[in-house]
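Data first, discussion second: the structure below is written as structure tokens.
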Amino acid sequence: MGGMDPRRLLIFRTVVRNGSIGAGARELGWTQPAVSQHLAALEKEVGTQLLLRSSSGVTPTEAGRRLAAHAEAIAAQLHAAEEELADITALRRGTVRFGTFPSAAAVMLPPVLARLSETAPDLDVTFDELEPPDAVLALREGELDLALVFRYPCSDIDAEGTLEWSPLVEDRVLAVLPPDHPRAHDPELRLADLSEDRWIAGCERCRANLMNSSRRAGFQPRVRHSTDDANVVQRLILHGGGVALLPETALEAAPSPDVVVRDLPDLETRMIGVINRRGALSIPAVSAVRDALVAEANERSSTAALI
């Protein structure tokens, strides 16, 4: 196989992402025949068919799917290169694409953005609200530069693969009960004492933590409802829907004065941290966002120590 033209690889990536040659050509601002010509040349270079063409568009062959994955990685590296070169001439300028989960978006992101407006005023930060598994996927596909995620001790993190992880701040997991619960104010309360209660579960990682914590306490929780929304969880609790485990950030993002929140000795803390592709922190713009996140995490830790 001869050398592949990287420009053709990027054209191929655009067509695959759009699902048709016409849509890919529109995104590139090229004519459809010109795009088709490059695709044909790429197939000749690699010596195999990469796309199956039909009236509804194109779908990649197995070889095409594998090549598209490499093309995504190349596009991500090129984005990093563009950012790095831009930053050499204008330190901490440019755009950083950031992802974070909902409660962190509510309680950590606003002060981080305020901090960045002082430390890197020329920086443009765009953010998507994503649960950790989706943020990991977006990072791997080059759609994000940096993401804030959480991990429980039992979290499955195999999908994170070669991404870099930097732990930032602990996020206590707390039991949330209705005010009329018979054990709500019992100073000896343990997780096992809630084995007969009905439970409200959260996102995939939060639900896994509930199951793991309950198993260690010797029972299988009866999950009645599932929702990622801490507001909904607390409203359900107040209306007899059951009990729940909620992280401190979720309770800070959606405080309810009516529920009873208990810190139980047999609940493990989850960790909030930053993940990024290897080498991304060498880009000053990305590093500036990470530094602001670290500063905010340190401030939260020192404040928590005073409480």
Side-chain angles (χ1 to χ4, degrees), residues 1-86 94-102 105 124-147 149 156 158-163 203-205 228 275-280 283 286:
M1 183 174 74
M4 278 182 280
D5 183 336
R7 186 176 55 154
R8 286 177 183 149
L9 269 180
L10 295 175
I11 294 165
F12 172 67
R13 166 185 175 266
T14 303
V15 169
V16 170
R17 285 168 73 97
N18 280 278
S20 77
I21 293 171
R26 279 192 295 276
E27 183 180 322
L28 292 163
W30 289 21
T31 65
Q32 195 164 326
V35 170
S36 294
Q37 192 176 344
H38 277 293
L39 292 174
L42 181 62
E43 287 182 326
K44 189 175 178 182
E45 281 174 353
V46 299
T48 189
Q49 189 175 359
L50 297 172
L51 294 170
L52 299 171
R53 294 159 176 79
S54 70
S55 56
S56 59
V58 293
T59 53
T61 61
E62 184 183 354
R65 281 196 303 275
R66 293 190 183 194
L67 191 61
H70 287 292
E72 288 291 353
I74 289 166
Q77 287 297 324
L78 281 174
H79 173 76
E82 286 165 3
E83 286 288 311
E84 193 167 349
L85 289 171
T95 300
V96 176
R97 301 161 305 167
F98 178 68
T100 183
F101 55 98
D124 182 22
V125 179
T126 66
F127 92 95
D128 289 309
E129 205 172 85
L130 298 166
E131 291 295 345
D134 299 319
V136 167
L137 189 62
L139 273 168
R140 293 181 74 84
E141 292 187 350
E143 291 168 5
L144 291 181
D145 299 304
L146 203 62
V149 301
D156 174 17
D158 286 350
E160 291 179 21
T162 57
L163 298 175
C203 74
E204 184 185 345
R205 286 188 177 188
D228 292 347
I275 53 172
N276 53 269
R277 291 187 308 280
R278 293 195 184 281
I283 302 167
V286 177

Could you check whether any side-chain heavy atom of [X] comes within less than 4.5 Å of a side-chain heavy atom of [Y], counting everything from C-beta outward?
| X | Y | result |
| --- | --- | --- |
| Asp5 | His38 | no |
| Leu67 | Leu42 | yes |
| Arg205 | Glu131 | no |

[X] side chain vs [Y] backbone, donor-acceptor pair below 3.5 Å:
| X | Y | answer |
| --- | --- | --- |
| Gln49 | Thr61 | no |
| Asp145 | Arg97 | yes |
| Asp128 | Gly99 | no |
| Glu43 | Leu51 | yes |
| Arg277 | Leu144 | yes |

For a quick test of reading the model, state the closest non-hydrogen atom pair linking [X] to [Y] and the distance between them.
| X | Y | value |
| --- | --- | --- |
| Asn18 | Gly24 | CB-N, 3.8 Å |
| Ser36 | Ile21 | OG-CG2, 3.6 Å |
| Ala76 | Gly142 | CB-CA, 3.7 Å |
| Ser20 | Ala23 | OG-N, 3.0 Å |
| Ala280 | Val286 | O-CB, 3.5 Å |
| Ala68 | Phe12 | N-CE2, 3.7 Å |

Within this structure, what is the [atom1]-[atom2] distance for the pair [X] and [Y], rounded to the nearest 0.5 Å?
| X | Y | atom1 | atom2 | value |
| --- | --- | --- | --- | --- |
| Leu163 | Ile275 | CG | CD1 | 5.5 Å |
| Thr59 | Arg65 | OG1 | CZ | 8.5 Å |
| Thr100 | Leu146 | OG1 | CG | 10.0 Å |
| Phe98 | Asn276 | CZ | CG | 11.0 Å |
| Asp134 | Glu129 | CG | CD | 11.5 Å |
| Thr162 | Arg278 | OG1 | CZ | 6.5 Å |

- request: For side-chain contact (heavy atoms from CB on, under 4.5 Å), just list the numbers for Leu50 and Leu39, CA-CA rounded to whole Å, side-chain angles, deciding distance to a tenth of an Å, and then say yes or no.
  value: CA-CA 9 Å; Leu50 297 172; Leu39 292 174; over 6 Å; no
message: Check this for me: does any side-chain nitrogen of one of Arg13 and Glu72 sit under 4.0 Å from a carboxylate oxygen of the other?
response: yes
- prompt: Counting only heavy atoms not in Gln37, do more than 12 sit closer than 6.0 Å to its CD atom?
  reply: no
